[in-house]
Enquirer: 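Questions regarding the structure given below will be posed in turn.
Computed from a predicted structure; not experimentally measured.
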Amino acid sequence: MVGLQTVNNEHFQQENLTLAGVFLLSFPVIIFFMFTQKFFVQGIATSGIKS
């Protein structure tokens, strides 16, 4: 994300290309979370304080 912002500021100011870059950089993270969401929820549920 930092690299995308640096390139955007130094070389061009085209919002459509910037938004396309943001989408392409965010897409793998979203896909990874969708496949591992079950493990995140289990970790949060089992690490709670039990009284």
Side-chain angles (χ1 to χ4, degrees):
M1 292 296 177
V2 175
L4 182 63
Q5 185 64 31
T6 303
V7 169
N8 188 26
N9 286 339
E10 291 180 4
H11 301 292
F12 58 91
Q13 291 290 331
Q14 297 178 353
E15 285 101 15
N16 59 346
L17 294 177
T18 303
L19 291 175
V22 167
F23 176 75
L24 291 175
L25 289 172
S26 303
F27 194 65
V29 176
I30 294 169
I31 296 298
F32 175 75
F33 180 74
M34 287 173 56
F35 284 114
T36 59
Q37 181 180 7
K38 178 177 74 172
F39 300 111
F40 283 111
V41 172
Q42 284 178 351
I44 292 170
T46 59
S47 66
I49 299 174
K50 296 180 182 178
S51 52

Enquirer: Can you measure from OG1 (T36) to CD1 (I31) and round to the nearest 0.5 angstrom?
Expert: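 Taking OG1 in T36 and CD1 in I31, the distance rounds to 11.0 Å.
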Enquirer: Is there a continuous path of hydrophobic side-chain contacts, each under 4.5 Å between heavy atoms, that joins M34 to F39?
Expert: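 Shared cluster, no.
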Enquirer: Could you list the residues that satisfy side-chain contact (heavy atoms from CB on, under 4.5 Å) with F33, not counting sequence neighbours?
Expert: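 side-chain contact (heavy atoms from CB on, under 4.5 Å) list for F33, sorted by chain: Q37, F40.
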Enquirer: Just jot down the side-chain contact (heavy atoms from CB on, under 4.5 Å) partners of F23, sequence neighbours excluded, or say none.
Expert: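 By the side-chain contact (heavy atoms from CB on, under 4.5 Å) rule, F23 matches F27.
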